[in-house]
Protein chains: 2
Amino acid sequence: MQDISETLQQAEANCDAHGSRLTTKRKRVLACLLESGRAQSAYDLIDSVKQSYGDHMQPTTMYRMLDFLVSENLAHKLHLANKYVACSHITCDTCEHSHEVPQFLICNACNRVDEIRIDSELIRQLTNNVSQAGYTLMSPQVELHCLCGDCAAKAA
Amino acid sequence: MQDISETLQQAEANCDAHGSRLTTKRKRVLACLLESGRAQSAYDLIDSVKQSYGDHMQPTTMYRMLDFLVSENLAHKLHLANKYVACSHITCDTCEHSHEVPQFLICNACNRVDEIRIDSELIRQLTNNVSQAGYTLMSPQVELHCLCGDCAAKAA
DNA sequence: CGCTAAAATGATACAGTATATCATTGCCAG
DNA sequence: CTGGCAATGATATACTGTATCATTTTAGCG
């Protein structure tokens, strides 16, 4: 597990590299996402930021922060859960991962999220299914409702 | 394309077979889903039922109807879109399909939905990914944001 | 430096999705 | 025919997300 402030620095560097700005507020939201390591709703994050920094953000503001982070590939929106999660590849040097199709495993119980890479052959088959059915894939992101190891153990 | 009233009869028979009841209201909701052939939100369906039958259902009621239909495998909830769609396998004689992992292709533009079967080898790989990451799959349902052929043609 | 345009943020209101809770009705087994 | 359970009604409210317009901050430029 990487140091969070280090990750934030890297994120800022990534933004600088193509002329966008990781402002204080944006950084706070990202920091909260990184610290929790879990998926959080926009409203969860409003609470987190308030808690950690005493900064009360309006919903509109929070959604703007999140849109920015997602557009910069610093975070992902999980549509299945209506929550957001930090990208697990921020500190990778290149953008080689950003062009892969991510597969998200979302723990229904504790909102822990693991972002794993899908085998490219598997993606090929999925998209093949899609085009055979006459559809075009828009946002190739696979999300699955799961139970993480810890929560499965507790439940048993 | 199968006749809708025939599908409804089959659905009722399926319910009877294990002692649950496809009441008038439940049947109306299912009929609306079948007629449209598209994904509809709970509130869309309230309008549809009102339109077709003059029956005004409260949100609470509609969500109960939908929970029932989903639990009977007569409909599916599409979490990506927060919408509901009729199961495309109601009229299959056995429940052989219900144990497969469905893959839903959702048209972002017109909400048309196709439910296709995923190759079992592909499922094996997906679930393999999941268990290697220490997770247990809860609701194995793959949903993908797409554009259907018609809408892609219009957009061009 | 001071101006200006664009980017970022603030503030208010509201639309859309979903659930909690308690009351009432209808059905059928004994 | 009645007691209990399944189904539905009714009201309120919580959660998720967006529209709109105002204000502040920043970067670039003469």
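Just so it is clear, the model here is predicted, and its values are computed rather than measured. Quick note on labels: first sequence line is chain A, next is B, and so on, each numbered from 1.
- A heavy atom lying under 4.0 Å from DNA chain D marks the following residues of residues 36-62 of chain A, by number: A:Ser41, A:Tyr43, A:Thr60.
- Between the SG atom of B:Cys148 and the NZ atom of B:Lys154 there is a distance of 7.0 Å, given to the nearest 0.5 Å.
- Not a single donor-acceptor pair under 3.5 Å links the side chain of A:Glu115 to the backbone N or O of A:Phe104.
- When the P atom of D:dC15 is taken as reference, atom OH of A:Tyr63 falls 12 Å away, rounded to whole Å.
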* Structure fact -> Under a 4.0 Å heavy-atom criterion, the protein footprint on nucleotides 22-30 of chain C, written with B, S and -, is -----S---
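- Here the side chain of B:Glu143 pairs a donor or acceptor atom with the backbone of B:Leu80 at under 3.5 angstrom.
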Exercise answer: donor-acceptor pairs, residues 61-69 of chain B side-chain atoms, under 3.5 Å, sequence neighbours excluded:
none

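- Using a 4.0 Å cut-off on heavy atoms, none of the residues of residues 24-32 of chain B approach DNA chain C.
- Every salt bridge (Lys or Arg N to Asp or Glu O under 4.0 Å) that A:Arg28 has, sequence neighbours left out, goes to A:Asp55.
- Contacts with DNA chain C (heavy atom under 4.0 Å) in residues 77-85 of chain B: B:Lys77, B:Asn82, listed by number.
- With rounding to whole Å, B:Leu66 atom CG is found 11 Å from C:dT19 atom P.
- B:Lys83 has its side chain within reach of B:Asp44: a pair of non-hydrogen atoms, C-beta onward, lies under 4.5 Å apart.
- Remark: B:Leu105 CG to B:Leu78 CG distance equals 10.5 Å, nearest 0.5 Å.
- Taking CG from B:Leu8 and CD1 from B:Ile90, the interatomic distance works out to 7.5 Å, rounded to the nearest 0.5 Å.
- Distance, A:Phe68 CZ to C:dA8 P: 7 Å, rounded to whole Å.
- Atom CD in B:Gln141 sits 7.0 Å away from atom NE2 in B:His79 (nearest 0.5 Å).
- For A:Gln51, the CD atom sits in a loose shell: 12 or fewer heavy atoms of surrounding residues, nucleotides or ligands are nearer than 6.0 Å.
- For the residue pair A:Arg21 and A:Arg26, the shortest heavy atom distance occurs at O-NH1, 2.8 Å.
- Between B:His76 and B:Asn73 the shortest side-chain heavy-atom distance falls below 4.5 Å.
- Although no hydrogens or angles enter the test, the distance criterion places a donor-acceptor pair under 3.5 Å between the side chain of B:Ser36 and the main chain of B:Arg38.
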